[in-house]
There are 2 protein chains.
Amino acid sequence: MSALAEPNRLQIVELLRDEPYTVGEIADQLRLRQPQVSKHLRVLSEAGLVEVQPIANKRIYKLRHQPFSQLDDWLESFLNVWDERFDRLDEYLEDLKKKDRGE
Amino acid sequence: MSALAEPNRLQIVELLRDEPYTVGEIADQLRLRQPQVSKHLRVLSEAGLVEVQPIANKRIYKLRHQPFSQLDDWLESFLNVWDERFDRLDEYLEDLKKKDRGE
DNA sequence: CACAAATATTCCTTGACAAGAATATTCCCT
DNA sequence: AGGGAATATTCTTGTCAAGGAATATTTGTG
């Protein structure tokens, strides 16, 4: 997750969401210098967020889906808790109504 | 998102997922020193991930749900792309079958 | 009001990390 | 093999953030 903390890296990831790009294309679109892009891609790669496909002397980078669905699972574990709490609040309100009717 | 990049802060957030805690309780459970916990909670608070409820001289910290559902939305925008691509792959395979049958 | 518990803040030091510049590597082409 | 394009790596420098220790602040209690 710390790989996504760096702003430029986040931009790269969001750029790659739509389609794969080469290092040069990424550098152009984000107005970054090539060495920094390579370095950021290295970090993203080691974090498993990205994979490379070498074609000639170009390297095409694309996102890997696993870490994202993994992060999604992690997030669900948070959202679920709130859902459950909401359910319990629901029950609580139902109880109130019943008492109100004298049950 | 950089607020979650720090390991101890991530631990704090995961601890708070289950229920609210005071600063001292967090420090005890995670084996951290109180000042660091206070500092981390400050960062989490300024990032909007957490909110405080002062009771006496204690301060009870709990998660806020908005940033998490927001992060979830962001993630969905990634997962959606893969779903769409999977759909297109599906169509592609259907086309192959039709051609195979000579249509 | 003095004291104690809980928490926040400050100052300092150290380590990590990102950018810049220069250079190395890899691949294709002729 | 030599040259050029695309990308990676190294080295250096400056900045920032986390931890440690000490101290300040707030709140309740006798």
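By convention in this document, chain letters (A, B, ...) are assigned in the order of the sequence lines, proteins followed by strands, and residues within each chain are numbered from 1.
- Residues B/L49 and B/A3 share a closest heavy-atom pair of CD1-CB, 3.9 Å.
- B/I55 belongs to a hydrophobic cluster with B/I60, counting contacts under 4.5 Å between side-chain heavy atoms of Ile, Leu, Val, Met, Phe, Trp and Tyr, direct or through other members.
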Please list every donor-acceptor pair under 3.5 Å in which a side-chain atom of residues 33-44 of chain A meets a protein atom from a residue at least two apart or in another chain.
| from | atom 1 | to | atom 2 | distance (Å) |
| --- | --- | --- | --- | --- |
| A/Q34 | NE2 | A/S38 | OG | 3.1 |
| A/H40 | ND1 | A/R9 | NH1 | 3.3 |
| A/R42 | NH1 | A/E46 | OE2 | 2.8 |

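- Interatomic distance, CD1 of A/I12 versus CG of A/L30, reported as 6.0 Å (0.5 Å rounding).
- The stretch residues 2-15 of chain A touches DNA chain C through A/E6, A/N8, A/R9, each having a heavy atom under 4.0 angstrom from the strand.
- Applying the side chain to side chain donor-acceptor pair (under 3.5 Å) criterion to B/E19, with sequence neighbours excluded, gives B/Y21.
- Taking the side chain as every heavy atom from C-beta outward, A/I26 and A/L15 approach each other to under 4.5 Å.
- For A/Y61, the side chain to side chain donor-acceptor pair (under 3.5 Å) test picks out no residue, with sequence neighbours left out.
- Contacts of A/Q70 classified as side chain to side chain donor-acceptor pair (under 3.5 Å), with partners at least two apart in sequence or in another chain: A/Q66.
- Remark: A/F78 engages A/W74, B/F68 in a ring pair (Phe, Tyr, Trp, His ring centres under 6.0 Å) (not counting sequence neighbours).
- Applying the salt bridge (charged side-chain N to carboxylate O under 4.0 Å, His left out) definition to pairs two or more places apart or across chains, none involves residues 57-75 of chain B.
- Residue B/A5 comes nearest to A/S2 through the heavy atom pair CB-CA, 3.7 Å, listed as atom of the first residue, atom of the second, then distance.
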request  = Could you check B/E51 against B/S45 for side chain to side chain contact (heavy atoms under 4.5 Å, CB included), going step by step and ending with a plain yes or no?
outcome  = CA-CA 6 Å; B/E51 64 185 6; B/S45 179; over 6 Å; no

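- Residues from residues 27-45 of chain B with heavy atoms under 4.0 angstrom of DNA chain C, sorted by number: B/Q34, B/P35, B/S38, B/K39, B/R42.
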Expected string for nucleotides 25-30 of chain C under the B/S/- scheme (protein heavy atoms, under 4.0 Å, primed atoms plus P, OP1, OP2 as sugar-phosphate) is --SS--

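- Between chain A and DNA chain D, the heavy-atom contact criterion of under 4.0 Å yields a 5' to 3' nucleotide range of D/dA5 to D/dT10.
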